[in-house]
Amino acid sequence: MWISSAWSSVWLLAACAVGVRGAVEADSSMKSIPLRTHSLAPPYLDSDMSSRWFDFGGDTIIRTDQYIRLASDLPSQSGWLFSRIPLTATNWEIEFEFSIEGKGHLHGDGFALWVTKERAQPGPVFGHADRFEGLGLFFDTYKNNRPGVVFPYVMAMMGDGKTTYDSANDGKANEIGGCSARGLRGASIPTKAKLTYFQDKSLSLQLQYKATDSWIDCFSLESTADVPLKMPNTAYLGFSAHTGELSDNFDIISVETRNLYNPVAANTGRAQAAAARASGRGRPDKKKGGWGWFFFKVLLFGGLVGGAYVGYNKYKQKQRYSGF
């Protein structure tokens with residue numbers, strides 16, 4: 001009976017250890033490192049009134065204590081900002097605060113985020129060149145011809161360098177993911193977007209415009225043969241905006257770009273490489289951190305405890321008999 005109880009306790013401890021280790025690994029499965037080279041915050045400019053990491057152009061206006069205004073609430077405005085160096089992270093997250101507002105009841109056209117091979121090339125697609133290669137994320141505030149869709153509308157397009165943006169139908173032919181965002185323009189809280197990308201695997205977008213610290217899922221995409229989520233080998237981060245006869249103020253308040261990585265996977269890779277090197281020098285690969293070694297130690301401990309108990313009982317029994 002005591003041996004059975006002892007083994008039950010051993011297995012309970014083992015199960016608890018497994019649960020705790022799994023929870024720790026789940027909580028630490030993904031980490032991030034801020035990328036200063038692709039982030040922006042007030043005052044935006046250095047002491048020499050320029051930015052070390054970004055270029056600005058077109059009708060862009062910088063108010064160092066408040067915003068970067070890509071396009072003002074005036075007709076035929078077009079402005080842009082682009083990173084000076086490529087975004088080299090394979091997995092990344094771009095979180096940015098922006099503002100869309102104006103005086104009129106009718107407004108347009110919109111602004112865009114870019115992760116493209118092209119850099120600082122003005123054009124007709126929300127202030128950027130058409131037939132781009134890479135990702136375009138469009139915040140479209142004016143409805144041209146898209147029945148059944150509520151505007152503002154947010155959508156993503158993967159450009160191949162050859163395909164033209166379907167401006168007549170508000171990008172309907174190009175959309176790989178999108179959502180309506182009524183209330184995004186002129187919201188009473190800071191409006192934000194969070195774009196997350198894992199290399200050749202997935203792309204997702206979340207928006208904040210209804211309540212502070214409340215994120216709304218806009219779309220979540222997985223890479224497929226028909227729509228591969230592959231970025232150019234060299235891609236720059238940028239923003240642009242455009243107005244026509246109708247207009248709005250399109251402001252970028254802040255940008256924070258983060259490199260995403262999995263420390264568990266990285267440590268596993270390093271441990272495997274070290275084991276391979278050790279094996280090459282004639283040392284056995286024990287994999288002390290592996291589950292097999294862990295359970296072996298648990299079973300060994302349980303066996304020792306059980307054996308000691310049995311031996312002790314036999315010793316006591318022998319002593320009792322010898323007393324007679």
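None of these values were measured; they are calculated from a predicted model. Sequence positions, counted from 1, serve as the residue numbers for this chain.
Applying the salt bridge (charged side-chain N to carboxylate O under 4.0 Å, His left out) rule to pairs touching residues 81-110 yields Asp55-Arg84, Glu93-Arg258, Glu95-Arg258, sequence neighbours excluded. Under the ring pair (Phe, Tyr, Trp, His ring centres under 6.0 Å) criterion, the residue pairs touching residues 184-206 are Trp92-Tyr197, with sequence neighbours excluded. Within the structure, side-chain hydrogen bond (donor to acceptor under 3.5 Å, both in side chains) pairs that include any residue of residues 37-51 comprise Asp48-Ser50 (at least two apart or interchain). Pairs engaging residues 176-195 under the ring pair (Phe, Tyr, Trp, His ring centres under 6.0 Å) rule: none recorded [sequence neighbours left out].
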From CA spacing to verdict: ring-ring contact (aromatic ring centres under 6.0 Å, His included), His128, Phe138:
CA-CA 11 Å; His128 187 278; Phe138 309 139; 9.1 Å; no
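Residues meeting the salt bridge (Lys or Arg N to Asp or Glu O under 4.0 Å) test with Arg63, sequence neighbours left out: Asp65. Under the side chain to side chain donor-acceptor pair (under 3.5 Å) criterion, Asn169 pairs with Asn145, Asp166, not counting sequence neighbours. For Asp251, the side chain to side chain donor-acceptor pair (under 3.5 Å) partners two or more places apart in sequence, or in a different chain, are Arg69. Listed by chain and residue number, nothing satisfies the side chain to side chain donor-acceptor pair (under 3.5 Å) test with Thr243 (two or more places apart in sequence, or in another chain). Scanning for side chain to side chain donor-acceptor pair (under 3.5 Å) contacts around Asp226 gives an empty result, with sequence neighbours left out. The salt bridge (Lys or Arg N to Asp or Glu O under 4.0 Å) check on Asp248 picks up Arg185, with sequence neighbours excluded.
Between Thr164 and Asn174, the shortest heavy-atom contact is O-ND2, 3.3 Å.
Under a 4.5 Å side-chain heavy-atom cut-off, the cluster of Ile, Leu, Val, Met, Phe, Trp and Tyr residues that includes Val150 has no other member.
Phe56 and Phe96 fall within a single hydrophobic cluster, where Ile, Leu, Val, Met, Phe, Trp and Tyr are joined by side-chain heavy atoms under 4.5 Å apart, directly or via other members.
The environment of Lys194 atom NZ is dense: over 12 non-hydrogen atoms of other residues, nucleotides or ligands sit within 6.0 angstrom. Counting heavy-atom neighbours within 6.0 Å of Lys143 NZ, excluding the residue itself, gives a total above 12.
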Side-chain donor-acceptor pairs under 3.5 Å in residues 228-241, sequence neighbours left out?
from, atom 1, to, atom 2, distance (Å)
Ser240, OG, Trp114, NE1, 2.8
Ser240, OG, Phe126, O, 2.6

